[in-house]
Protein chains: 2
Amino acid sequence: MPVTIQDVARAAGVSVSTVSRAFTVPDLVKDETRQHVLQTAERLGYRPNRAARGLITGKTGNFGVIVPDLSNPFFPTVLKGVQARAREADYAVFLADCDENATEEIALVQAMAKQVDGVILCSSRMSPNQLERVVGTTSLVFINRQVRDHPTVLMGAAGGMRQAIDHLAALGHRRVAFLNGPKASWSNRERRRGLRQSARYDMEIVELGPFAPRFEGGPHAADLAIAEGVTAIIAFNDLLALGVMSRLADRGIAVPDEMSVVGFDDIPMAGMATPPLTTVAMQNERAGRAAVDLLVNLLTVSGAEAGDLRRELDCQLIVRASTSVPARS
Amino acid sequence: MPVTIQDVARAAGVSVSTVSRAFTVPDLVKDETRQHVLQTAERLGYRPNRAARGLITGKTGNFGVIVPDLSNPFFPTVLKGVQARAREADYAVFLADCDENATEEIALVQAMAKQVDGVILCSSRMSPNQLERVVGTTSLVFINRQVRDHPTVLMGAAGGMRQAIDHLAALGHRRVAFLNGPKASWSNRERRRGLRQSARYDMEIVELGPFAPRFEGGPHAADLAIAEGVTAIIAFNDLLALGVMSRLADRGIAVPDEMSVVGFDDIPMAGMATPPLTTVAMQNERAGRAAVDLLVNLLTVSGAEAGDLRRELDCQLIVRASTSVPARS
DNA sequence: TGAAACTCTGCAATCCTTTGCAGAGCCGGT
DNA sequence: ACCGGCTCTGCAAAGGATTGCAGAGTTTCA
């Protein structure tokens with residue numbers, strides 16, 4: 001039923017080698033022949049079987065992407081970038097969701113390994129030890145996680161954090177809470193690092209948490225922050241920030257008049273919240289594309305001259321309505 | 001570098017056939033031998049090459065999923081279901097995003113065809129004519145789209161619409177607006193159908209639109225609805241509903257006191273809005289799983305006795321704070 | 001005119017598995 | 001002692017493509 005290279009060869013009156021070459025090394029076959037072959041192929045609707053090709057070339061033409069949780073709105077956007085760029089580069093992409101589970105993540109990498117030329121690990125949950133176990137099974141590129149000797153695209157969270165701090169400082173805030181996400185998470189460490197780098201003599205930071213980086217984590221976090229008497233809150237991510245705003249609304253604390261709130265990620269709903277959330281936008285889709293670029297590069301480059309191992313995308317503070325000057329107490 | 005069946009055979013001192021059988025038809029090989037082979041394989045870290053296997057069996061062990069737009073929060077959740085269930089059934093999944101573009105969708109199906117045993121089309125944007133072109137290239141299962149002779153999982157939007165209408169009627173609303181999504185969309189037609197089926201003598205429905213089913217479509221829609229003097233609005237989807245609420249807030253119209261708003265989809269941010277949005281929850285993740293089940297079924301069943309062609313999941317109205325009794329004018 | 005140098009094409013091996021067929025060894029029955 | 005029937009294993013073909021090698025035909029140049 002499916003049309004093979006043999007069918008095309010027969011119909012065109014040439015050998016399979018010629019058909020194959022007409023597609024993969026066009027200059028090796030006479031113009032006239034090539035035209036004829038390509039037309040025949042087109043007419044028959046021939047499409048090469050990538051699995052068969054992969055068997056001999058060792059290249060599958062596929063990538064894998066593993067994300068911790070598809071229902072976290074952060075990931076679909078980077079996924080979108082990965083998918084789009086991969087398609088441009090004529091790769092197909094395998095998707096897997098490891099449910100925030102490092103063990104599962106390992107299993108997925110191993111399961112994919114044979115079917116892909118490389119995999120992109122998004123905010124990998126693996127510990128360094130666990131990483132050891134998968135390194136070498138296939139080519140790896142990381143997003144939002146720095147791993148020695150492996151290409152990585154970073155979201156420059158530290159820079160984003162600086163912008164957030166500067167923004168709040170400019171508004172006049174002098175005592176600000178930072179709500180930690182999961183302590184073990186690389187992202188959280190990065191954001192804290194940015195926080196410390198941006199430390200100012202005229203601003204006091206109180207760290208709270210860790211909290212679950214979800215809407216549900218917000219209320220508890222909000223209550224603690226209020227008790228600390230801060231005038232502004234920077235949350236680990238938007239989901240948490242939205243949860244905080246929801247709690248503030250319930251407690252009758254006006255945002256931004258009585259409390260400023262800053263999120264992180266710029267997920268779609270950040271702009272739709274009331275008030276719209278000031279947040280640090282990461283270039284997710286571009287990060288996805290960059291990851292694919294790094295992977296393609298890693299695969300094509302001669303190996304000796306390693307391409308760039310690291311691409312850093314900068315963040316952008318999006319000032320919306322959830323931040324303003326502190327209330328004069 | 002990668003370990004093949006040959007390596008295992010050599011190491012275990014048996015033929016490749018035996019190794020192969022030890023995995024695929026265990027009863028054909030003596031217990032003792034099988035143990036030995038499996039242990040050797042394990043020790044060497046052997047994992048069969050699915051491409052090679054597919055070449056001969058004609059089965060790839062892969063599925064494809066095509067969604068119209070990953071950045072629409074509706075899809076990642078069904079994707080999550082697809083992915084999870086596929087993994088349980090030992091399938092890997094190819095993901096593609098067609099950017100709301102039917103032509104691209106066709107191309108994607110065709111590109112995937114050779115590499116998958118079947119593809120799941122989520123809210124396909126193809127016209128019936130275009131569908132003709134891909135039917136037959138591979139096994140197809142649809143989500144949220146009824147296609148003759150093809151397995152389909154439906155979200156029972158009509159039933160959800162009835163619940164929404166009944167809810168508003170019970171609260172005392174007598175004049176309600178429905179904000180249409182894209183006119184050509186199958187989902188929109190389904191929802192309208194539900195609307196008409198639920199028509200009540202004591203309630204007047206005014207249809208508006210079509211509107212872009214996004215947050216940005218909301219303000220325009222809201223203004224029209226207000227001008228119509230309705231006391232409640234049912235939006236094509238949550239994004240639109242959120243956009244409406246945002247506009248109502250801007251115009252100083254209190255939700256739900258002066259206007260009730262109902263959405264559709266129950267996307268994550270629905271529950272986080274202020275006020276939290278009353279909406280119709282679809283069982284996305286279960287729909288994804290069901291689609292995989294149908295596909296597996298379609299592939300394993302003898303062909304003669306076609307399994308079920310249709311699975312309908314019912315919707316559930318989630319009453320939150322955006323609906324209440326109408327203001328007494 | 002002949003040889004050298006190209007250009008183009010085909011043959012056959014190869015990639016990794018699965019599977020039909022047949023052979024080897026063993027058992028029980030006559 | 002022999003034969004039929006099991007159970008277990010190996011040989012070899014097949015699946016769809018790529019590619020090194022060699023051969024056929026053509027051109028170039030001395």
Side-chain angles (χ1 to χ4, degrees), chain A residues 1-38 40-41 44-62 90 92 111-117 137-138, chain B residues 1-38 40-41 44-62 90 92 111-117 137-138:
Chain A
M1 188 63 180
V3 25
T4 76
I5 200 174
Q6 323 263 0
D7 301 327
V8 179
R10 202 173 314 120
V14 298
S15 73
V16 295
S17 330
T18 304
V19 178
S20 172
R21 279 191 274 254
F23 281 98
T24 55
V25 273
D27 0 320
L28 276 191
V29 18
K30 185 160 59 170
D31 261 24
E32 192 186 326
T33 320
R34 177 157 42 82
Q35 298 286 356
H36 178 52
V37 168
L38 294 184
T40 316
L44 268 48
Y46 167 71
R47 315 193 54 113
N49 182 325
R50 300 189 118 188
R53 169 183 295 173
L55 206 48
I56 183 157
T57 60
K59 303 274 155 223
T60 62
N62 299 144
D90 203 29
M112 280 183 173
K114 279 279 186 26
Q115 295 193 90
V116 301
D117 297 338
T137 43
T138 186
Chain B
M1 189 62 180
V3 26
T4 78
I5 200 174
Q6 323 263 3
D7 301 328
V8 178
R10 201 172 316 119
V14 298
S15 75
V16 294
S17 331
T18 303
V19 178
S20 172
R21 277 192 275 254
F23 281 98
T24 55
V25 273
D27 358 322
L28 276 191
V29 16
K30 184 159 59 171
D31 262 23
E32 191 186 327
T33 320
R34 178 159 40 83
Q35 298 287 356
H36 178 53
V37 168
L38 294 184
T40 316
L44 267 49
Y46 168 70
R47 316 194 54 112
N49 181 325
R50 300 189 119 191
R53 170 183 295 173
L55 206 48
I56 182 156
T57 60
K59 303 275 154 220
T60 62
N62 299 145
D90 203 27
M112 280 184 174
K114 280 276 188 25
Q115 296 193 89
V116 301
D117 297 338
T137 42
T138 187

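In the text below, chain A, chain B and the rest are named by the order of the sequence lines, each starting its count at 1. In this text the structure is predicted, and so the values were computed from the model without any measurement.
Here the P atom of nucleotide D:dA17 and the CZ atom of A:R50 are 13 Å apart, to the nearest Å. With rounding to whole Å, B:L28 atom CG is found 15 Å from D:dC6 atom P. Between the CG atom of A:D27 and the C1' atom of D:dT19 there is a distance of 15 Å, given to the nearest Å. In this structure, the NZ atom of A:K59 is 16 Å from the P atom of C:dC15, given to the nearest Å. Between the P atom of C:dC8 and the NE2 atom of A:H36 lies a distance of 17 Å, rounded to the nearest Å.
Residue B:V14 is in sugar-phosphate contact alone, with no base atom involved, counting any heavy-atom pair closer than 4.0 Å across all strands shown.
Across all non-hydrogen atoms, the minimal contact from A:G58 to A:D117 is O-OD1, 4.2 Å. The minimum heavy-atom distance between B:L38 and B:A22, with the atom names listed, is CD2-O, 4.2 Å.
A:T60 contributes a side-chain N or O that, together with a main-chain N or O of A:Q115, makes up a donor-acceptor pair within less than 3.5 Å.
The residue among A:V25 and A:A51 whose nearest nucleotide of DNA chain D is located toward the 5' end is A:A51.
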Show which side-chain atoms of residues 5-20 of chain B pair as donor or acceptor with protein atoms under 3.5 Å away, not counting sequence neighbours.
| from | atom 1 | to | atom 2 | distance (Å) |
| --- | --- | --- | --- | --- |
| B:D7 | OD2 | B:T4 | N | 2.8 |
| B:S15 | OG | B:S17 | N | 3.4 |
| B:S15 | OG | B:T18 | N | 3.4 |
| B:S15 | OG | B:T18 | OG1 | 3.3 |

### Query
Run the side-chain contact (heavy atoms from CB on, under 4.5 Å) check on A:R21 and A:V37 step by step: do they pass?
CA-CA 10 Å; A:R21 279 191 274 254; A:V37 168; over 6 Å; no
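The distance from atom CG of A:N49 to atom NZ of B:K114, rounded to the nearest 0.5 Å, is 6.0 Å.
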#### Entry: Contact state string [nucleotides 16-28 of chain C, B base, S sugar-phosphate only, - no protein heavy atom under 4.0 Å]
BBBBB--------
